[in-house]
Structures are given as C-alpha cells and as structure tokens.
Amino acid sequence: MSMDPLSVSLFEMRLEDIHRADPWLRYEMSIRDFIALFPVRFKNGRPIKPDHPAVVGVDREVFLKVLVAFNQSFGTKK
C-alpha cells in the first residue's frame with residue numbers, strides 16, 4: 001500500500017494553519033521549514049505519527065496540535 005497524497009496534502013495544509021496561528025513560529029521559521037520538521041512516513045502501508053523534533057524548540061502545545069492534525073488528516077484510530 002502506498003501513501004495517500006490527498007491525506008499528506010491535508011496534513012501539510014493543517015501544519016500551515018498551525019504555523020500561521022503562532023506568532024513565535026512565524027518569526028522563527030518559514031512554513032516550509034516547519035512542515036519539513038514533520039515528514040510523513042509509512043510502515044506497512046500505515047502512516048507513522050510524527051516524532052517531536054528535538055532540534056528545534058517546538059513547544060508541547062504546538063506539538064499536540066500537530067498530532068491532532070495528523071490524526072484528522074489520516075483518520076487514525078486507536
């Protein structure tokens with residue numbers, strides 16, 4: 001099973017929304033750099049939740065928004 005380009009695009013659009021809503025992120029990095037922090041990877045045809053980027057100071061609140069965006073985009077269920 002290959003990745004779903006529509007879901008990946010939806011996730012990236014949600015990341016753009018998160019970036020635009022956060023003044024600190026807008027000041028610190030570009031939208032493209034922010035999206036690059038959360039590459040979509042697949043294992044056995046299923047999307048893998050992104051890891052918290054250790055290099056850049058993305059705070060917990062922003063990372064939780066990223067996880068929500070991921071779940072909304074890929075429809076992952078527990």
Side-chain angles (χ1 to χ4, degrees):
M1 184 178 204
S2 62
M3 72 176 182
D4 176 7
L6 184 60
S7 293
V8 172
S9 294
L10 191 57
F11 179 54
E12 289 181 352
M13 286 191 314
R14 287 181 168 133
L15 290 177
E16 288 178 11
D17 291 341
I18 292 167
H19 182 275
R20 284 190 190 103
D22 189 297
W24 182 86
L25 285 174
R26 288 197 324 259
Y27 176 77
E28 283 296 313
M29 68 185 75
S30 71
I31 286 178
R32 290 286 127 213
D33 288 342
F34 181 67
I35 290 172
L37 293 175
F38 306 102
V40 178
R41 295 169 300 163
F42 288 81
K43 182 175 183 179
N44 299 327
R46 301 184 68 133
I48 301 171
K49 284 190 180 192
D51 294 323
H52 191 286
V55 179
V56 182
V58 173
D59 69 23
R60 183 175 183 272
E61 183 178 331
V62 169
F63 185 62
L64 289 176
K65 290 177 185 176
V66 169
L67 292 179
V68 168
F70 179 86
N71 287 337
Q72 290 173 339
S73 300
F74 292 99
T76 55
K77 307 218 179 342
K78 291 187 176 184

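Position 1 is the first residue of the sequence, and the numbers go up from there.
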Could you please spell out the steps behind the side chain to side chain contact (heavy atoms under 4.5 Å, CB included) verdict for Val8 and Phe74?
CA-CA 8 Å; Val8 172; Phe74 292 99; 4.1 Å; yes
Do you know the tightest heavy-atom contact between Met29 and His19?
O-NE2, 2.7 Å
Could you go step by step and tell me if Phe11 and Val66 meet the side chain to side chain contact (heavy atoms under 4.5 Å, CB included) rule?
CA-CA 9 Å; Phe11 179 54; Val66 169; 4.1 Å; yes
Which salt bridge (Lys or Arg N to Asp or Glu O under 4.0 Å) pairs, counting each pair once, include a residue from residues 53-72, with sequence neighbours left out?
Glu61-Lys65
Between Ser73 and Ser7 the two heavy atoms that sit nearest each other are O-OG, 3.3 Å
Taking every heavy atom of Phe70 against every heavy atom of Pro47, the minimum-distance pair comes out as CZ-CB, 3.6 Å
Could you see if Leu25 belongs to whatever hydrophobic cluster contains Leu67? Use Ile, Leu, Val, Met, Phe, Trp, Tyr and a side-chain cutoff under 4.5 Å.
yes
Can a salt bridge be assigned to the pair Arg14 and Asp17 using a cut-off of 4.0 Å between side-chain N and carboxylate O?
no
In residues 31-42, what donor-acceptor pairs under 3.5 Å come from side-chain atoms, sequence neighbours left out?
| from | atom 1 | to | atom 2 | distance (Å) |
| --- | --- | --- | --- | --- |
| Arg32 | NH2 | Glu16 | OE2 | 3.0 |
| Asp33 | OD2 | Ser30 | OG | 3.3 |

Using the rule that Ile, Leu, Val, Met, Phe, Trp and Tyr join whenever any side-chain heavy atoms are under 4.5 Å apart, tell me whether Ile18 and Trp24 fall into a single cluster.
yes
